[in-house]
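Only one structure is covered here, and it is reproduced in the block below.
The basis for the numbers below is simple: all heavy atoms, side chains too, and nothing from hydrogens, waters or symmetry mates.
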Amino acid sequence: MKKIKIHLNKKTKIILWSVLVVLLIALVVLFFVFGTGKKDLADKQEEEVKTEAPEATPEPEVPKVQIIDLDSKSRNVAVMINNIRTVWGYQSGLQDAYLVYEMIVEGGYTRLMAVYKDKMPERIGSVRSARPYYLDYALENDALYIHFGGSDQALRDVRTLGIQNVNFLYDSGFWRDRSLGLATEHTAFTSMENINQQVSKKGYRTTTESSPVFHYSALEVDLAAHGTVMPANRVYLEYSGSRNTSFDYDPVNKVYLRSQNGVAHKDYVTGNQYTTKNIITYQVRNYSLDSYGRQALENIGSGKGYYITNGQAVEITWEKKSRGEKTIYRYLDGTEIELNDGNTYVEIQPLGKTLTIE
């Protein structure tokens, strides 16, 4: 095949090279215009997808009971609190107790047993002596028992039942507040720090595997779901001809204000009236053991009572099979009661005394 040679003059070559350069520049411009535009469009579409994607809904927080730490293994501490009229206005530390028992003693008076868990009040008291039926409730709460002496039977029971206790009649860990101007037997006070020191000194167990006597609900309890509800804006409990306790409902704070013989029951340190979220009340037969008038209570058995909270009351049953077993509280439908999140007073009246719920 014969090769054909094309001869271009210098001017033509310059023109061809110019055209080639223009074409290359045009290709580069087109690449950046269309290539980058596609990337920007893709990025924009991706951003739109991200923007339109629904946000993940956070898991709702599960309400947690506040009155006690249900996961805590700390052992309860039960302290006998003087409640003779002479000391009203001088009592200290009851508001830090998550559970308080009130029962009759000699002379028509009552005594209180305050149960503490994971609290460190600096002043508790005044501390008084043991009575045998209070031991039953220290046992069912697996509590260390703090007292100042006791009746002969109570002290025998402490030994025979193996109750780990601090007895200020022999043990240190308390002080006398003589500035109150009261008789000496009404002036013994302690603190949780002092109690813990004595417990450590005696080598007592400070943890528990026992569950609380009561079940608690972080949500408001619906009493109407378990029985006939009655108004409970005021609760009056007679213990003797000379002694009564009453509670008046505060609907703003949803607690009951506690009074004794019509006198506001106040804390000596804070000056605040004692309050409670829950009231459990029932009656048992009592009788005198001796000429001094010391009492016995027939608190082993079963019967009916009331659970009172949030301005309402509902009838319940109670059952305690032995001194050491927990008292079981149920609605009339057989369901175990749940308490609203807050402190509780258990008021065990003598049988036949006046109870008014209105």
Side-chain angles (χ1 to χ4, degrees), residues 68 70 72-81 83 97-105 110-119 124 127-169 171 190 192 195-196 198-199 202-216 280-282 284-286 289 294-303 305 317-330 336-337 339 343-349:
I68 56 172
L70 296 177
S72 171
K73 297 296 184 182
S74 299
R75 195 173 178 191
N76 288 319
V77 175
V79 185
M80 291 298 295
I81 303 292
N83 200 34
Y98 79 96
L99 181 58
V100 179
Y101 292 86
E102 182 172 27
M103 289 174 274
I104 192 77
V105 293
T110 67
R111 199 157 291 179
L112 305 171
M113 187 180 80
V115 183
Y116 301 88
K117 186 178 179 71
D118 297 323
K119 291 286 188 179
I124 304 171
V127 183
R128 285 293 296 204
S129 55
R131 293 295 180 267
Y133 36 92
Y134 286 92
L135 302 178
D136 303 353
Y137 300 96
L139 284 168
E140 71 173 42
N141 282 281
D142 190 27
L144 296 154
Y145 187 66
I146 317 301
H147 59 109
F148 202 120
S151 66
D152 291 342
Q153 182 181 342
L155 295 178
R156 283 196 303 270
D157 288 351
V158 166
R159 292 190 297 270
T160 58
L161 294 170
I163 294 174
Q164 294 184 330
N165 71 110
V166 175
N167 183 355
F168 291 140
L169 190 61
D171 298 320
T190 189
M192 196 56 66
I195 290 170
N196 288 340
Q198 293 303 305
V199 168
K202 290 173 174 288
Y204 290 155
R205 172 172 53 85
T206 57
T207 59
T208 184
E209 295 300 323
S210 180
S211 59
V213 168
F214 291 103
H215 305 291
Y216 295 90
I280 300 290
T281 183
Y282 55 98
V284 300
R285 180 174 175 265
N286 69 301
L289 287 172
R294 292 191 178 94
Q295 299 290 294
L297 265 63
E298 294 183 350
N299 60 321
I300 309 303
S302 61
T317 65
W318 65 272
E319 182 180 25
K320 186 171 176 62
K321 293 182 178 179
S322 69
R323 299 189 71 177
E325 287 191 62
K326 289 183 175 69
T327 307
I328 306 298
Y329 302 90
R330 293 185 174 90
E336 279 195 51
I337 70 171
L339 296 185
N343 64 323
T344 303
Y345 272 76
V346 178
E347 302 283 342
I348 304 177
Q349 284 183 278

Under 3.5 Å: donor-acceptor pair, side chain of Lys119, backbone of Ala97: no
Under 3.5 Å side-chain donor-acceptor pair for Arg131 and Ser129: yes
Heavy-atom pair of closest approach, residues Thr344 and Ile280: CG2-CG1, 4.2 Å
Side chains of Asp171 and Lys202 in contact at under 4.5 Å (non-hydrogen atoms): yes
Heavy-atom side-chain contact between Tyr145 and Leu139 under 4.5 Å: no
Trace of the side chain to side chain contact (heavy atoms under 4.5 Å, CB included) decision for Asn167 with Val158: CA-CA 10 Å; Asn167 183 355; Val158 166; over 6 Å; no
Heavy-atom side-chain contact between Tyr137 and Val115 under 4.5 Å: no
Between CD1 on residue Ile163 and CG on residue Asp157, distance to nearest 0.5 Å: 7.0 Å
Heavy-atom check, side chain of Lys326 versus side chain of Ser210, under 4.5 Å: yes
CD on Glu325 to CD on Glu319, rounded to 0.5 Å: 9.0 Å
Test item: Asp136 and Ile300 side chains (from C-beta on) under 4.5 Å apart, heavy atoms: yes
Heavy-atom side-chain proximity of Ile124 to Ile81 below 4.5 angstrom: yes
Residue pair Val100 / Asn343, side-chain heavy-atom distance below 4.5 Å: no
Backbone of Tyr345 reached by a side-chain donor or acceptor of Glu102 within 3.5 Å: no
Pairwise side-chain contact, Asp118 with Ile68, heavy-atom cut-off 4.5 Å (strictly under): no
Tyr101 ring center near Tyr134 ring center (under 6.0 Å): no
Side-chain (Ser74) to main-chain (Lys117) donor-acceptor, under 3.5 angstrom: no
Nearest heavy atoms of Trp318 and Asn299, plus distance in Å: CZ3-O, 3.4 Å
Taking every non-hydrogen atom, the tightest pair across Glu336 and His215: OE1-NE2, 3.1 Å
Worked verdict on Leu339 versus Tyr329 for side chain to side chain contact (heavy atoms under 4.5 Å, CB included): CA-CA 10 Å; Leu339 296 185; Tyr329 302 90; over 6 Å; no
Nearest heavy-atom neighbours spanning Arg323 and Leu135: NH2-CB, 4.1 Å
Electrostatic pair Glu209-Lys73, nearest N-O below 4.0 angstrom: yes
Minimal non-hydrogen separation, Glu140 against Thr327, with atom names: OE1-OG1, 2.7 Å
Arg75 side chain to Asp142 backbone, donor-acceptor under 3.5 Å: yes
Side-chain donor-acceptor contact under 3.5 Å, Arg294 with Gln153: no
Spatial distance of atom NE2 (His147) from atom CE (Met80) [nearest 0.5 Å]: 9.5 Å
Separation of Thr110 OG1 from Gln349 CD (nearest 0.5 Å): 11.0 Å
Expected output: side-chain Tyr282 to main-chain Thr317 donor-acceptor under 3.5 Å: no
Donor-acceptor pair, side chain of Asn76 and main chain of Asn141, under 3.5 angstrom: yes
Between OG on residue Ser302 and CZ on residue Arg330, distance to nearest 0.5 Å: 10.5 Å
Tyr133 side chain to Asn286 side chain, donor-acceptor N/O pair below 3.5 angstrom: no
Backbone N/O of Ile146 and side chain of Asn165: donor-acceptor pair under 3.5 Å: no
